Protein chains: 2
Amino acid sequence: MMEKCPNSKMPRELSVGEVAERSGVAVSTLHFYETKGLIRSQRNRGNQRRYPRSILRRVAVIKVAQRTGIPLSEIADALSVLPHDRPLTAEDWRMLSKTWRRQLDDRIARLTKLRNQIDGCIGCGCLSMQECPLRNPLDTLAMEGPGPRLLEPDPA
Amino acid sequence: MMEKCPNSKMPRELSVGEVAERSGVAVSTLHFYETKGLIRSQRNRGNQRRYPRSILRRVAVIKVAQRTGIPLSEIADALSVLPHDRPLTAEDWRMLSKTWRRQLDDRIARLTKLRNQIDGCIGCGCLSMQECPLRNPLDTLAMEGPGPRLLEPDPA
DNA sequence: ATAAAACCTCAAGCAAAGTTGAGGTCAACA
DNA sequence: TGTTGACCTCAACTTTGCTTGAGGTTTTAT
């Protein structure tokens, strides 16, 4: 299919199609990520993309970050401090995951709080009551945090 | 400002601006919701929108559902079985919240699982190991559930 | 009576995250 | 040496959830 490494069954470099297949993202998505600076590619003499195997890890990390709800632009920022040409190390990952893990906690906490509110509402039939968080979102949420904000900005 | 109910300080009907102010959404958003069938309005003789007070609850419910991550189209579906011209009852809310609560649980569970995976990865420095969920997303996620799905579809 | 604020419609624009298609090149296999 | 399948670029289109603006009417306040 592609040139193989003579000493191994593993190709030394991966074509975009191979990366797509192995990482589970579409070729067009890899192109797209490249335009966004999330990944980078070398070209062979026919101008086709060739990736080092470490691309797979990078893409996996991107996907994980996305699953936590981090927008691509932030993922790009976080990854941009790391060189494209060497594999991510465990230490790199520790740094990245520290921040993302916090944001994930945040999202979980927000959703959990919402769930509790909903449960409270179910219990009390609150829609007919003055105290319900749904009843008067403005007042209720004014008490929940800073700023004149109704029903949280919700990055969720 | 607007015609008042003669027997009360509360306006009988609300203008779009009032609804916006009280519910915390922009006027343009209310227009938008109307085009999507989420809300409906009566018009006065000058063609301006007039809402019953129950609109506030309806908008609040929409916002809550949105916070759980439900797309507007599904919110519209759920609300469409309820008449626009009477206030939501506690029973209505119980029915709506039952489904949404389940989906919220789901989201929370998904994110929590992801957090655990991340924690596992941090602990083991897994990026350099074969067993890491990040290492080979295809195989790993094939085991997680049904279907040839990589890195979950993630409605999150 | 008139000016300002609020409202109306409709069209266009924005951001995120991609996908799709047209038109053309490259490479791997028989 | 073909001929297919994989690849290339660039532009346009998609969906979701709105916002912004133009151009015009209605309400309210003075």
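It should be emphasised that the depicted structure is a prediction, and the values quoted were computed from it without experimental measurement. The chains referred to below are lettered A, B, ... by the order of the sequence lines, with proteins before strands, and numbering in each begins at 1.
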Of the listed nucleotides dT27(D), dC7(D), dG18(C), the one nearest the side chain of Gln48(A)
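Out of dT27(D), dC7(D), dG18(C), the nucleotide with an atom closest to Gln48(A)'s side chain is dC7(D).
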Give a yes/no on whether any side-chain N or O of [X] is located under 4.0 angstrom from OP1 or OP2 of [N].
X        : N       : result
Ser28(A) : dT20(C) : no
Asn44(A) : dC7(D)  : no
Thr29(B) : dG17(D) : no

How close or far is atom [atom2] of [N] from atom [atom1] of [X], stated in whole angstroms?
X        : N       : atom1 : atom2 : value
Glu21(B) : dC7(C)  : CD    : C1'   : 15 Å
Leu14(B) : dA6(C)  : CG    : C1'   : 15 Å
Arg50(B) : dA6(C)  : CZ    : C1'   : 10 Å
Leu30(B) : dG17(D) : CG    : P     : 16 Å
Ile75(A) : dG18(C) : CD1   : C1'   : 14 Å
Arg45(A) : dC7(D)  : CZ    : C1'   : 15 Å
Ile62(A) : dG18(C) : CD1   : C1'   : 14 Å

I'd like to know if Arg102(B) pairs up with Asp106(B) as an ion pair, taking the criterion as any Lys NZ or Arg NE/NH1/NH2 lying under 4.0 Å from an Asp or Glu carboxylate oxygen.
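Asp106(B) and Arg102(B): not salt-bridged.
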Ion pair present between Arg86(A) and Asp92(A), side-chain N to carboxylate O less than 4.0 angstrom?
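Answer for the salt bridge query: yes.
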Checking Asp77(B) now: which residues fulfil salt bridge (charged side-chain N to carboxylate O under 4.0 Å, His left out) with it, not counting sequence neighbours?
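Residues passing salt bridge (charged side-chain N to carboxylate O under 4.0 Å, His left out) with Asp77(B): none at all.
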What salt bridge (charged side-chain N to carboxylate O under 4.0 Å, His left out) pairs are there with at least one residue in residues 29-38 of chain A, not counting sequence neighbours?
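Of all non-adjacent pairs touching residues 29-38 of chain A, those that pass salt bridge (charged side-chain N to carboxylate O under 4.0 Å, His left out) are Glu34(A)-Arg43(A), Glu34(A)-Arg49(A).
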On DNA chain C, nearest-nucleotide positions of Gly46(A) versus Ala26(A): which is more 5'?
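Upstream on the strand: Ala26(A).
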Other residues, nucleotides and ligands only: do more than 12 of their heavy atoms fall within 6.0 Å of CD on Gln42(A)?
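Counting other residues, nucleotides and ligands, CD of Gln42(A) stays at 12 neighbours or fewer.
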Mind listing the N/O atom pairs, protein and nucleotides 9-11 of chain D, below 3.5 Å?
{"unit_1": "dT9(D)", "atom_1": "OP1", "unit_2": "Arg43(A)", "atom_2": "NH1", "d": "3.0"}
{"unit_1": "dT9(D)", "atom_1": "OP1", "unit_2": "Arg43(A)", "atom_2": "NH2", "d": "3.2"}
{"unit_1": "dT9(D)", "atom_1": "OP2", "unit_2": "Arg49(A)", "atom_2": "NH1", "d": "2.9"}
{"unit_1": "dT9(D)", "atom_1": "OP2", "unit_2": "Arg49(A)", "atom_2": "NH2", "d": "2.8"}

When you compare the protein's N or O atoms with those of nucleotides 13-17 of chain C, which come within less than 3.5 Å of each other, and at what distance?
{"unit_1": "dA17(C)", "atom_1": "OP2", "unit_2": "Leu72(A)", "atom_2": "N", "d": "3.1"}

Tell me, please, which residues at least two apart from Asp105(B) pass side-chain hydrogen bond (donor to acceptor under 3.5 Å, both in side chains).
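Applying side-chain hydrogen bond (donor to acceptor under 3.5 Å, both in side chains) to Asp105(B) gives Arg115(A), Arg101(B).
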Quick one: side-chain hydrogen bond (donor to acceptor under 3.5 Å, both in side chains) partners of Tyr33(A), sequence neighbours excluded?
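Partners of Tyr33(A) under the side-chain hydrogen bond (donor to acceptor under 3.5 Å, both in side chains) test: Gln66(A).
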Measure the spacing between CD1 of Ile39(B) and NE2 of His84(B) and express it to the nearest 0.5 Å.
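Reported value, rounded in 0.5 Å steps: 9.0 Å.
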Minimum heavy-atom distance between Pro52(B) and Leu14(B), given as atom pair plus value
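Shortest heavy-atom separation between Pro52(B) and Leu14(B) comes out as O-CD1, 4.5 Å.
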